[in-house]
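Here the structure comes first, spelled out in structure tokens, and everything after it is commentary.
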Protein chains: 2
Amino acid sequence: MISLSHINCFTCPVRHCSFLSHSSPEQLEVIDKTKQCHRYSKGQRIISRNERSGSVMVIYEGIAKIHLEAHRGRSFILQLIKPGDIAGHLCDHHNRHGADVTAVEEVTVCELNLADLEKSHPSFEAFQKAFIDMYRQEIMALQERTIRLVQMNVREKVADALVRIADVYEAENGNGTMRISLNRQEISEMTGTTKEQVSRALGELRDLGIIEASGKSLRIIQPVELTTQAGMEAAAQGQPRS
Amino acid sequence: MISLSHINCFTCPVRHCSFLSHSSPEQLEVIDKTKQCHRYSKGQRIISRNERSGSVMVIYEGIAKIHLEAHRGRSFILQLIKPGDIAGHLCDHHNRHGADVTAVEEVTVCELNLADLEKSHPSFEAFQKAFIDMYRQEIMALQERTIRLVQMNVREKVADALVRIADVYEAENGNGTMRISLNRQEISEMTGTTKEQVSRALGELRDLGIIEASGKSLRIIQPVELTTQAGMEAAAQGQPRS
DNA sequence: CGGGTTATTGAGGGGCGTCAACAACCGTGG
DNA sequence: CCACGGTTGTTGACGCCCCTCAATAACCCG
């Protein structure tokens, strides 16, 4: 981990999609002065479970995974986070972090002290409200996810994982091809299966013409078909069902 | 659903284990005056998903389940709640409930208006804080649960479900026998399996001498062994690992 | 006692985890 | 440039777990 000199909050491209999107210039000033910036290389741990801390991390650049170790040594990836996302906001009443966070590729983060973050909000109430809203969304998403993980078969779960992967990785060119930094093992840890099954499921989706996948290169050819495979009704349609 | 006349908050036996445990007599007075009490019979829906509401339900008596319908018609039980527990606090930004809640046996609830609930706290901050704490605990518990559901086999998941069932049902006599109001189908919906598998898993646990189970009657003979089966290290021991 | 629901048990088959072999990829060094 | 070893990805074979269907038994309530 390297501590970086400074990243300017005011010119920050991810400010508008982050937790701070509604802050005024004066409020942002507080954050800009007090935050610390760090860089982690691939595989480095950003946050460790049960570690005590009074700060949160906002991803500035790169992709990270929020994961947990289960008793049998099997790891499980709860979430992928991208620039603008926040990590480490979930902790117990002793301020101990509730999950591990690890860089999946080179990651730059801004460490925001909770006390300073509070000052960046118009009031303490607004600060709390922001957390409540975030937690609410998180619970509802996690509930849905839990049920999906339990009820879907492997191919559906892998299709689901691909949707989430495509959500955090940018396409590199007009082709829509992504260079993902996750290996098969990690995809399996997103779905609760094994690397071999992921390999097979990717092969099936490739044979169906839904994706192109070889190694770390991934292209989603039929996004709608992929979400169908993942068992989600195509919500983008919005058809009334009269 | 029957609307009941009134239940006295001050003499309420579940007040001390509920969301309101820290309220002063004056604050409780607000709740006592404004709340509404209802009774639901077994199987009746208490809260429906996507229904708009500005109130929460506190269980006064009986057991209810928080559940969701997945796309394929399969239902999944997220949580069992008992007297003192709160339901309906999870909603989206339009105040639409995020899950279904149904009575598993005859249930009496107190419906608390959110605006009134707020007044029962020393400050709005304290009110928000209570929600933040509740949400935090919920997320951490749900994370653990998700991973367990993905990684455990059926017998382990059933053992896990029994631990949770025992947590909400009271033993009826000194024998430690419980009369549960859940059928095998519902236990399977707590574990993400089928009623037949639950039946078999219960048979295995019975053969191992860990439980007694026939129909709706359940007795846990070896609680420690049951938690071991469920893959939890016996946390009750608290042995230092020097 | 009879009819409906619920629980149990068996048989069959498919999905998926596991192991193993092989191929592909990548950086290093000759 | 090729050789190489290590990591990662792919594919096949095997076996177990568990879902499904079906038959029987137990239970509950009138």
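Letters A, B, ... mirror the listed sequences (proteins, then strands); counts begin at 1.
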For this session: May I ask you to say whether Asp100(A) pairs ionically with Lys65(A), meaning some side-chain N is under 4.0 Å from a carboxylate O?
Result: no
(Q) Between Thr193(B) and dC19(D), is there a contact of a side-chain N or O with OP1 or OP2 at under 4.0 Å? (A) yes
- Message: Taking the basic N atoms (NZ, or NE/NH1/NH2) and the acidic carboxylate oxygens, is any pair closer than 4.0 Å for Arg155(B) and Glu204(B)?
- Response: yes
From the candidates dC16(C), dC18(D), dC28(D), the one with an atom nearest any side-chain atom of Arg179(B) is dC28(D)
Atom CD of Glu196(B) and atom P of dC21(D) are separated, to the nearest Å, by 9 Å
Which of Leu226(B), Val158(B), Ile221(B) passes side chain to side chain contact (heavy atoms under 4.5 Å, CB included) with Ile211(B)? Answer is Leu226(B)
Whole-Å distance, Met152(A) CE to dC16(C) P, equals 11 Å
Given His38(B) and Ile2(B), is the side chain to side chain contact (heavy atoms under 4.5 Å, CB included) satisfied, shown in steps? CA-CA 5 Å; His38(B) 315 289; Ile2(B) 312 167; over 6 Å; no
Does Arg200(B) get its side chain close enough to the base of dT20(D), under 3.5 Å, for a donor-acceptor pair?
yes
**OP:** Using a heavy-atom cut-off of under 4.0 Å over every strand shown, decide if Lys195(A) touches base, sugar-phosphate, or nothing.
**Re:** nothing
Separation of dC16(D) atom P from Arg155(B) atom CZ, nearest Å, is 16 Å
Separation of dT8(D) atom C1' from Leu182(A) atom CG, nearest Å, is 14 Å
- prompt: So, is Thr194(A) close to the dG17(C) phosphate, meaning a side-chain N or O under 4.0 Å from OP1 or OP2?
  reply: yes
Separation of dT8(C) atom P from Asp207(B) atom CG, nearest Å, is 12 Å
In short, Asp160(A) meets Met152(A) closest at the heavy-atom pair CB-CE, 3.9 Å
Sugar-phosphate only, base, or nothing, as touched by Lys216(A) at under 4.0 Å among non-hydrogen atoms: sugar-phosphate
Rounded to whole Å, CZ of Arg74(B) lies from C1' of dT20(D) at a distance of 12 Å
When rounded to whole Å, the CD to C1' distance for the pair Glu204(B) and dT8(C) reads 13 Å
Side-chain atoms of Ser199(B) come closest, of dT6(C), dT8(C), dT8(D), to dT8(C)
With the side chain defined as heavy atoms from C-beta on, Arg206(A) is closest, among dT10(D), dT8(D), dC16(C), to dT10(D)
Rounded to whole Å, CG of Asn153(A) lies from C1' of dC19(D) at a distance of 12 Å
